[in-house]
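Notes for the one structure printed next.
For the numbers below, each heavy atom of this structure counts, side chains included, while hydrogens, waters and symmetry mates do not. Note that this is a predicted model, so its numbers are computed, not measured.
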Amino acid sequence: MAKFNEKYFGGTADPYDISSVVSDSEQIIWRGKPNRKAFILAQFFKMFPVALIWLLFDGGAITALAVSGAFSEMPVFGRVFIIVFFAIHLIPVWLWLSNVITASAKHKNIEYAFTDTRIIIKSGLIGLDVANVYYADIESVNVKVGLTDKILGVGDIYIKSKNHAHVLWDLEKPYELTNHLQKVVHDLKTDTYFPNELRPAENKGFDTRYSAESGPEDKPQI
């Protein structure tokens, strides 16, 4: 297996360190974070339509109660009930506000790294969570670029493994990065399942051809 170059993916190392979870025998070949502007905007727009509709509906109801004088004429119990009801009913708005307010702190704690054995995903708000995705377990690597992502020059990389799915959010040069990651996954899975000393000099399966009428023309020998 060829030696990995830590600059293979381009870019520079981020000062917010992830090396504390990397073993001495492990080599980092790429590390990075979501684009800050794109990540914060994504948190703003997440749930925004729902929160806006909810706020307009509840705000209209609260305004009507206040203007009509119905709220002030209620007994204390009734006013407390109304306040508690709308405080609970506005939960979608509070969730949206929470996402917006904590976006910067979340971004600070998010970092991704590709090593020569696994993908490390660090995230969290107060505490830090670390997820490990080993290349041998990865089933697919795909990229998704929405309209806003395209404008900002970022994209999301979706990684599906045997038991979990992970997303690397708002990364710059997403197509280039995905292509490199797909190659690393392919190379390392090949080395894991088919070490050099176990690879046959010839494999007829590599020459298998299929046709609509006859099926495989050259079946591999088992």
Open item on the list: I want to check something: taking the side chain as every heavy atom from C-beta on, are Leu171 and Asp156 in contact at a cut-off of under 4.5 Å?
Closed with: no
Open item on the list: Between Tyr134 and Leu181, is there shared hydrophobic-cluster membership here, with clusters defined by ILVMFWY side-chain heavy atoms closer than 4.5 Å?
Closed with: no
Open item on the list: Within the structure provided, determine whether Asp149 and Asp170 are in side-chain contact (heavy-atom separation under 4.5 Å).
Closed with: yes
TODO: Could you tell me whether the side chain of Ser98 and the main chain of Trp94 form a donor-acceptor pair under 3.5 Å?
DONE: no
Open item on the list: With rounding to the nearest 0.5 angstrom, report the NZ to NE2 distance, Lys37 to His107.
Closed with: 13.0 Å
Open item on the list: Strictly distance-based, threshold 3.5 Å: is any side-chain N or O of Thr102 a donor or acceptor partner for the main-chain N or O of Ala105?
Closed with: no
Open item on the list: If you count every heavy atom of other residues, nucleotides or ligands that lies below 6.0 Å from Lys160 atom NZ, does the total exceed 12?
Closed with: no
- [ ] Search all heavy atoms of Ser68 against all heavy atoms of Ala64 and return the closest pair with its distance.
- [x] OG-O, 2.8 Å
Open item on the list: Students often mix this up, so state it plainly: with edges at 30° and 60°, are the rings of Trp169 and Tyr158 parallel, tilted or perpendicular?
Closed with: perpendicular
Task: Close side-chain approach of Asn35 to Leu152, heavy-atom, < 4.5 Å - done: no
- [ ] Output the distance between atom CD1 (Ile40) and atom CG (Asn99), rounded to the nearest 0.5 Å.
- [x] 12.5 Å
- [ ] Determine, using the 4.5 Å side-chain heavy-atom cutoff (strictly less than), whether Ile121 and Val184 are members of one ILVMFWY cluster.
- [x] yes
Task: Under 3.5 Å: donor-acceptor pair, side chain of Trp96, backbone of Phe44 - done: yes
- [ ] Flag the pair Glu26 / Asp116 as yes when at least one side-chain heavy-atom distance between them is below 4.5 Å, and no otherwise.
- [x] yes
TODO: Mind checking the NZ-CG spacing from Lys162 to Asp137? Nearest 0.5 Å is all I need.
DONE: 5.0 Å
Task: Chi angles and distances behind the side-chain contact (heavy atoms from CB on, under 4.5 Å) call for Val100, Gln43 - done: CA-CA 6 Å; Val100 174; Gln43 298 303 306; 5.6 Å; no
TODO: Over all heavy atoms of both residues, which pair between Ala51 and Pro92 is shortest? Give the atoms and the distance, please.
DONE: CB-O, 4.2 Å
- [ ] Identify the heavy atoms of His166 and Ala131 that sit nearest to each other, and give their distance.
- [x] CE1-CB, 4.0 Å
- [ ] Treat each ILVMFWY residue as a node, draw an edge where side-chain heavy atoms are under 4.5 Å apart, and state whether Leu55 and Ile83 are in one component.
- [x] no
Open item on the list: Please report the interatomic distance CG(Leu168) to CD(Glu111), rounded to the nearest 0.5 Å.
Closed with: 12.0 Å
Task: Closest heavy-atom pair and its distance - Gly153, Pro174 - done: O-CD, 4.3 Å
Open item on the list: My understanding is that a hydrophobic cluster links ILVMFWY residues whose side chain heavy atoms are under 4.5 Å apart, including indirect links. Using that, what else belongs to the cluster containing Val145?
Closed with: Val143, Tyr175
Task: Aromatic plane relationship, His89 with Phe85 - under 30° parallel, 30 to 60° tilted, over 60° perpendicular - done: parallel
Open item on the list: Are Tyr135 and Phe114 packed together at the side-chain level, in the sense that at least one heavy-atom pair is separated by less than 4.5 angstrom?
Closed with: yes
Task: Heavy-atom side-chain contact between Ile119 and Ile138 under 4.5 Å - done: yes
Open item on the list: Is there a path of hydrophobic side-chain contacts, each under 4.5 Å between heavy atoms, that joins Ile62 and Ile82?
Closed with: yes
- [ ] Group every Ile, Leu, Val, Met, Phe, Trp and Tyr by side-chain heavy-atom contacts under 4.5 Å, then state whether Ile101 and Ile110 land in the same group.
- [x] no
TODO: Starting at CD1 of Ile53, measure out to CG of Asp58 and round the result to the nearest 0.5 Å.
DONE: 12.0 Å
Open item on the list: Just so I know, are the side chains of Phe39 and Lys33 near enough to count as touching, which here means a heavy-atom distance under 4.5 Å?
Closed with: no
Open item on the list: Please check if the number of heavy atoms outside Phe57 that lie under 6.0 Å from its CZ is greater than 12.
Closed with: no
Task: Interatomic distance, Asn132 atom CG to His164 atom NE2 [nearest 0.5 angstrom] - done: 11.0 Å
- [ ] Using modelled atom types only, decide if a donor and an acceptor are shared between the side chain of Asn109 and the backbone of Gly124 within a distance under 3.5 Å.
- [x] yes
Open item on the list: For a side-chain contact (heavy atoms from CB on, under 4.5 Å) check, start with the C-alpha distance between Trp30 and Leu177, then their side-chain angles and the critical distance, and finish with the verdict.
Closed with: CA-CA 10 Å; Trp30 177 86; Leu177 189 59; 3.8 Å; yes
- [ ] Would you check if there is a donor-acceptor pair between the side chains of Ser104 and Arg36 at a distance under 3.5 Å?
- [x] yes
TODO: Could you check if a side-chain atom of Val21 sits within less than 4.5 angstrom of a side-chain atom of Lys122, using non-hydrogen atoms only?
DONE: no
